[in-house]
Amino acid sequence: MTNALLTIQNLSISFKMGDRISTVVKTVDLILQKGETLALVGESGSGKTVTAMSILRLLPASAVYPTGSIEFDGKDCLTLSEDAIRDIRGNRVGVIFQQPMTSLNPLHRIGKQLKESIFLHQQVSNAEADNRALYWLNRVGLKTPAAKLAAFPHQLSGGERQRVMIAMALINEPDILIADEPTTALDVTVQAQILDLIQDLQAEMGMAILFITHDLTIVRRIADRVAVMKEGHIVETDLPETIFTSPAHPYTRHLIDSEPKGWPDPADEADETLIEVSHLKVWFPIQKGILRRTVDHVKAVDDISFTLKKGHTLGIVGESGSGKSTTGFAILKLTASRGKILLGENSLNDMDKSQIRQLRKRMQIIFQDPFGSLNPRMSVAQIIGEGLSIHNPGMTPEQEENEIIAVMEKVGLDPVTRERYPNEFSGGQHQRIAIARALILKPEFMVLDEPTSSLDRSVQFQVLELLKKLQKEFHLTYIFISHDLKVVKSLCHDIVVMKDGLIVEAGNSDKIFSDPEHAYTRQLMATAFQGQRF
């Protein structure tokens, strides 16, 4: 094709692990034309991200390329010198990585990291770099962008970190944008804004986009062409309307049929209350001056109250930065708070650290960023079994191993891989490891902070069914924090809608989805379901 900007031909990618060689991408052919959006879809572990990262040679040293070429602007990226490929990275080809927290340097402020990308490729003054960094944080919709320039990554919410990554990828106005799940951590309203933004910038700059995602709703909305990947092979490439109306490959049909559906299993309204939250506040001080005097507070959670019955699931929804995750952390005593938090008869805010530690087995959490929550120096077996050694010290090594194998099978992980390390797994597999780690202690109560956000739809469906099954079997109680209202609808009995640290609407899931009262809730529903019946 004369307009081809990127051409991948007969590409195979393998990884050397000692004497073993594992081939994960197999004779792939892809063409990305100037100005087009090519969506690359498939399950976790199918080879999507590996294929995309090979364009800029961002794979680890263990990667080898038995066959193929990657031609960008007339040159094979696989044979370019280090200096030449470095000049392309972040300049002519920008990347939005899948894991924003692990892609940002935790020791440097956001402004410094944005400016670093500018200084690497452009000759500009420090003041101009400051202005450009502020401009791009505004473009991606961050609130109080000037304050965010001075913040560290851990001070931002998951969605805010993802928007910083988008700004960093676009700040040098590249010819190609590789977007690896760029809206995974964003709520539906901001997701729509970001997609509109990317499309507007594409129209302005004639930028081509390789868009990696498991969200078929996004594919339907933005893609000019779709390539479906399974087990390292491209099984189908076609126009979106053809893919969705008459897919040629059975695997494509399987993906389309895996959208979240239905409602949660009925729960008994006579169940006793397990969690009671009253007048919960989480305020973070704003300090200024040499003496660091407190001049104001960021009211992340501002005087909210709700109850949750045993065996029920409460969904907490709202935009990034609305206080959803902070609420979950406060309930688990992972963040300091004021107010009353009851777990059964236990008043958590009246307990010291040693007393709380004794209750940890009863309450667990699955974090939003699975890879960031996994110790890279521990094997999967050590990660999953760590809680057993702490809370069940009397177990024999054989008993621990049996428990680890059983829970890995429950979440769809191959127990044979239990001696591998986190960097050897895909993003979706990281999330399943995190779920297994939480489930192995058989907790009474779990906070699920975006537990399916990085999973492809088919695995997401399996995990949701697993969570429902475990809830029914063990009478588990969940707080489910999510921006994906289709998932919330299929799992949650009750819903709390949060905005700017406040609860704007709460009630039974049926009622909220069928007849939302608050304008903000209606906006969330309309964006998530795009005109469909709720």
For E319 and K499, work out which heavy atoms get closest and say how close. OE1-NZ, 3.8 Å

Positive for side-chain contact (heavy atoms from CB on, under 4.5 Å) with M446, one of I365, I366, I479: I366

For the residue pair M498 and I304, establish whether any side-chain heavy-atom pair is separated by less than 4.5 Å. yes

Run the salt-bridge test on K442 and E403 with the 4.0 Å N-O cut-off and return the result as yes or no. yes

Please list, chain by chain and in numerical order, all residues satisfying salt bridge (Lys or Arg N to Asp or Glu O under 4.0 Å) with E465, sequence neighbours excluded. K468

Take L348 and M363 through the test side-chain contact (heavy atoms from CB on, under 4.5 Å) and record every step on the way to the result. CA-CA 12 Å; L348 302 187; M363 49 186 190; 4.3 Å; yes

Starting at CG of L197, measure out to CD1 of I166 and round the result to the nearest 0.5 Å. 7.5 Å

Interatomic spacing from CD1 in I512 to CD in E505 - rounded to 0.5 Å: 4.0 Å

Looking at E116, I'd like to know if its CD atom is crowded, meaning that more than 12 non-hydrogen atoms belonging to other residues, nucleotides or ligands lie closer than 6.0 Å. no

Suppose we screen for side-chain hydrogen bond (donor to acceptor under 3.5 Å, both in side chains). Which residues come up paired with S482, at least two apart in sequence or across chains? none

Sorted by chain and residue number, the side-chain hydrogen bond (donor to acceptor under 3.5 Å, both in side chains) partners of K148 (sequence neighbours excluded) come out as T144

Testing the basics here: between A52 and I212, what is the closest heavy-atom pair and its distance to 0.1 Å? CB-CD1, 3.3 Å

Note: E160-K143 ion pair, threshold 4.0 Å (strictly below): no

Treating R89 as the side-chain partner and V95 as the backbone partner, does any N or O pair qualify as donor plus acceptor under 3.5 Å? no

Which residues satisfy the ring-ring contact (aromatic ring centres under 6.0 Å, His included) test with H493, sequence neighbours excluded? H312

Under the side-chain contact (heavy atoms from CB on, under 4.5 Å) rule, collect the residues that match up with Q113, sequence neighbours excluded. L104, N105, H108, P153, M168

Could you tell me whether the side chain of R360 and the main chain of L332 form a donor-acceptor pair under 3.5 Å? yes

Would you list the pairs meeting salt bridge (Lys or Arg N to Asp or Glu O under 4.0 Å) in which at least one residue belongs to residues 117-133, sequence neighbours left out? K115-D130, E128-R132

How long is the span from the CG atom in N172 to the CH2 atom in W136, to the nearest 0.5 Å? 9.5 Å

Looking at residues at least two apart in the chain, or sitting in another chain, which of them share a side-chain contact (heavy atoms from CB on, under 4.5 Å) with D303? H279, K281

Name the orientation class of the two ring planes belonging to Y520 and H518 (parallel below 30°, tilted from 30 to 60°, perpendicular beyond 60°). perpendicular

My understanding is that only residues two or more places apart in sequence, or in another chain, count here; which of them pass side-chain hydrogen bond (donor to acceptor under 3.5 Å, both in side chains) with S322? none

Do I209 and I176 pass the side-chain contact (heavy atoms from CB on, under 4.5 Å) test, and can you show the C-alpha distance, the side-chain angles, and the key distance before you say yes or no? CA-CA 6 Å; I209 300 175; I176 295 176; over 6 Å; no

Quick one: side-chain contact (heavy atoms from CB on, under 4.5 Å) partners of V50, sequence neighbours excluded? I13, F15, V24, V25, L59

Taking K340's backbone N and O only, do any of them form a donor-acceptor pair with S278's side chain (distance below 3.5 Å, no angle check)? no

Test side-chain contact (heavy atoms from CB on, under 4.5 Å) applied to P393 - qualifying residues, sequence neighbours left out: none

Closer than 3.5 angstrom, by distance alone: can the side chain of H154 be matched with the main-chain N or O of P106 as a donor-acceptor pair? no

Could you state the interatomic distance from NZ (K489) to CD1 (I495), rounded to the nearest 0.5 Å? 10.0 Å

For the backbone of L114 and the side chain of S117, can you confirm whether one donor and one acceptor N or O come within less than 3.5 Å of each other? no

Non-hydrogen atoms of P264 and C492 that approach each other most closely: CG-O, 3.3 Å

Min side-chain heavy-atom separation D484-V488 under 4.5 Å: no

Considering residues at least two apart in sequence or located in another chain, which fulfil the side-chain hydrogen bond (donor to acceptor under 3.5 Å, both in side chains) criterion with S373? R437

Quick one, V447 with F329, criterion side-chain contact (heavy atoms from CB on, under 4.5 Å). Give me CA distance, side-chain angles, the key distance, then yes/no. CA-CA 8 Å; V447 172; F329 293 163; 5.9 Å; no

Judged by atom type as modelled, is there a donor-acceptor pair below 3.5 Å linking the side chain of E450 to the main-chain atoms of H483? yes

Taking the side chain as every heavy atom from C-beta outward, state whether I55 and L210 have any pair of such atoms under 4.5 Å apart. yes

Is it true that a side-chain atom of R109 and a backbone atom of A150 form a donor plus acceptor pair closer than 3.5 Å? yes

Interatomic distance, CG@L374 vs CZ@F425, rounded to 0.5 Å, equals 10.0 Å

Check: T307 main-chain N/O paired with E276 side-chain donor or acceptor under 3.5 Å: no

Passes side-chain contact (heavy atoms from CB on, under 4.5 Å), W283 versus D302? Steps please. CA-CA 7 Å; W283 290 10; D302 194 17; 3.3 Å; yes

Only one of V411, I404, I435 clears side-chain contact (heavy atoms from CB on, under 4.5 Å) with I440; which? I404

D296 side chain vs I286 backbone, donor-acceptor pair below 3.5 Å: no

Distance-only, no hydrogens or angles: does the R161 side chain make a donor-acceptor pair with backbone N or O of L156 under 3.5 Å? yes

Does the side chain of L274 come within less than 4.5 Å of L343's, by heavy atoms? yes

Taking only residues at least two apart or on different chains, which pairs with a member in residues 346-355 satisfy side chain to side chain donor-acceptor pair (under 3.5 Å)? K333-N349, S347-D350, D352-S354

Does atom CD of Q123 have more than 12 heavy-atom neighbours, drawn from other residues, nucleotides or ligands, at distances under 6.0 Å? no

